[in-house]
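What follows is a single structure, written as structure tokens, with notes after it.
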Amino acid sequence: WLKLNVKDGGKIMGNKFLDLFNTKKPVIGMIHLKGTNDEEVFEIAKKEINDFYNNDKLIEKFKMASPAAKASMALLFANLVLKGISMISGPIFTRLMPADQYGIVSTFQSWQNLLAVIITLNLSQGVFNNGMLDFKDNRDEFQLALLMISSILTIIFFISFVLFEKEFLDLFEMPAIMIVVMGLYFLFVPAYQFWSGRQRYEYKYKALTLITIGIGFFSLILGVILVLMAPNDSAAVARVCAMEGVNIAVGIFFYIYTF
């Protein structure tokens, strides 16, 4: 262990600071030299140096981990960040939006989750991973085939909405623009979901982690801006356009990329 002479308000006496270490690395952080006596100050310093050492070891272990382990840890981190953003966004929008408008957003999300199973068939879930295994030499073609199936089903949904608009509006109890946004989500976002599923399957985590966090962050920021700018009776539309607009924009990029 490092021997410290803690005197004169916590100053390290003697040789230069870097000469105290066998391996010269940048020290990121601060050692709090607090305590009622020299022994207590030394114990606190020793504990914090040990924390720095262990954090450095964690980084080294991550670099030496297998691709599967790296991907799991990176995606776990991204999911934790998204959960944090979700926890922050809830109280923010309940304060910014009238209660009835917030209820419309909840209705939109409920219908979206229900219809996603029917319209997109959840092709980005288990069946996609099975296809990655069964068609390992034709993964691009398999991914494109699933996207075309999802697109055809979504186009049928759009046609049905045009033909029976009044019935759809009465059933969903939300503005027509929100149903259009939902349809665009079903059309384009599966392209991103297929791409992200393939990234997970092939343990490519860097771009996926950044995009996942970016979607959550920009959805929150754009949502706050649009809700503040929108009239009270249009807050729900503003929130949905911001929330799904970022997803749709990313989906359009990967839709074009897939083709």
(request) With ring-ring contact (aromatic ring centres under 6.0 Å, His included) as the test, would you mind laying out the steps for Tyr102 and Phe93 before giving the verdict? (result) CA-CA 8 Å; Tyr102 194 84; Phe93 289 109; 7.8 Å; no
(request) Show your reasoning for whether side-chain contact (heavy atoms from CB on, under 4.5 Å) applies to Met97 and Val105. (result) CA-CA 10 Å; Met97 300 172 62; Val105 175; 3.7 Å; yes
(message) By the definition ring pair (Phe, Tyr, Trp, His ring centres under 6.0 Å), identify the one residue from Phe128, Phe253, Phe254 that meets it with Trp195.
(response) Phe254
(message) Looking at every heavy atom in both Val246 and Ser219, which two are closest together, and how far apart are they?
(response) CB-OG, 3.6 Å
(message) I need the Cys241 SG to Leu184 CG distance, nearest 0.5 Å.
(response) 9.5 Å
(request) Identify whether Leu123 and Val117 are in the same connected component of the hydrophobic contact network (ILVMFWY, side-chain heavy atoms under 4.5 Å). (result) no
(request) Specify the closest pair of heavy atoms between Ala176 and Phe161, including all atoms of both residues, with the distance to one decimal. (result) CB-CZ, 4.1 Å
(request) Taking all heavy atoms of Ser150 and all of Pro190, pick out the closest pair and write down the distance. (result) OG-CG, 3.4 Å
(message) Please determine whether residues Tyr257 and Leu210 belong to a single hydrophobic cluster, defined as Ile, Leu, Val, Met, Phe, Trp and Tyr linked transitively by side-chain heavy-atom distances below 4.5 Å.
(response) no
(message) Is there a continuous path of hydrophobic side-chain contacts, each under 4.5 Å between heavy atoms, that joins Met87 to Ile215?
(response) no
(message) Distance check, rounded to the nearest 0.5 Å: Ile213 atom CD1 versus Ile211 atom CD1?
(response) 11.0 Å
(message) In terms of relative ring orientation, are Phe186 and Phe157 parallel, tilted or perpendicular, with 30° and 60° separating the classes?
(response) perpendicular
(message) Contact between Leu133 and Tyr201 at the side-chain level, heavy atoms closer than 4.5 Å - yes or no?
(response) yes
(request) Applying side-chain contact (heavy atoms from CB on, under 4.5 Å), run through Val240 and Ile177 and close with a yes or a no. (result) CA-CA 10 Å; Val240 167; Ile177 183 63; over 6 Å; no
(message) Less than 4.5 Å apart, side chain to side chain, heavy atoms only: is that true for Leu144 and Phe194?
(response) no
(message) Could you tell me if the side chain of Lys136 sits less than 4.5 Å from the side chain of Phe142, heavy atoms only?
(response) no
(request) Just do the side-chain contact (heavy atoms from CB on, under 4.5 Å) check on Val237 and Met178 with the steps written out, would you? (result) CA-CA 7 Å; Val237 174; Met178 295 177 72; 4.2 Å; yes
(request) May I ask you to decide if Leu82's main-chain N or O and Ser86's side chain share a donor-acceptor pair within less than 3.5 Å? (result) no
(request) With the side chain counted from C-beta on, respond yes when Leu171 and Trp111 share a heavy-atom pair under 4.5 Å apart, and no when they do not. (result) yes
(message) As an exercise, state the distance from CD of Gln112 to CE of Met174, rounded to the nearest 0.5 Å.
(response) 9.0 Å
(request) Working to the nearest 0.5 Å, report the span between CG of Leu208 and CZ of Arg200. (result) 5.0 Å
(request) Search all heavy atoms of Ile92 against all heavy atoms of Val224 and return the closest pair with its distance. (result) CG2-CG2, 4.0 Å
(request) State, with a plain yes or no, whether a side-chain heavy atom of Ile104 is found less than 4.5 Å away from one of Phe108. (result) no
(request) Considering non-hydrogen atoms only, spot the tightest contact between Asn122 and Val127 and give its length. (result) O-CG1, 4.3 Å
(request) Report the residue from Leu187, Leu146, Ile156 that forms a side-chain contact (heavy atoms from CB on, under 4.5 Å) with Ser151. (result) Leu187
(request) With the side chain counted from C-beta on, respond yes when Phe217 and Val81 share a heavy-atom pair under 4.5 Å apart, and no when they do not. (result) no
(message) Rounded at 0.5 Å granularity, tell me how far CD1 in Ile248 sits from OH in Tyr255.
(response) 13.5 Å
(message) Ignoring hydrogens and geometry beyond distance, is a side-chain donor-acceptor pair present between Asn247 and Glu244 at under 3.5 Å?
(response) yes
(request) Is it possible for you to say whether Leu163 and Phe158 belong to one hydrophobic cluster, with membership spreading through side-chain heavy-atom contacts below 4.5 Å? (result) yes
(message) For the CG atom of Leu115 and the CG atom of Leu153, what is their distance to the nearest 0.5 Å?
(response) 12.5 Å
(request) Kindly indicate, with the supporting measurements, whether the criterion side-chain contact (heavy atoms from CB on, under 4.5 Å) is fulfilled by Asn232 and Gln101. (result) CA-CA 8 Å; Asn232 284 340; Gln101 294 294 300; 5.9 Å; no
(request) Give me the ring orientation class for Phe168 and Phe172: parallel if the planes are under 30° apart, tilted from 30 to 60°, perpendicular past 60°. (result) perpendicular
(message) In this structure, would Tyr203 and Leu75 fall into the same cluster of hydrophobic residues linked by side-chain contacts under 4.5 Å?
(response) no
(message) Around atom CD of Glu173, are there more than 12 heavy atoms from other residues, nucleotides or ligands closer than 6.0 Å?
(response) no
(message) Can you confirm whether Ile256 sits close enough to Ile252 that some side-chain heavy atom of one is under 4.5 Å from a side-chain heavy atom of the other?
(response) yes
(request) Taking all heavy atoms of Ala74 and all of Thr209, pick out the closest pair and write down the distance. (result) CB-OG1, 3.6 Å
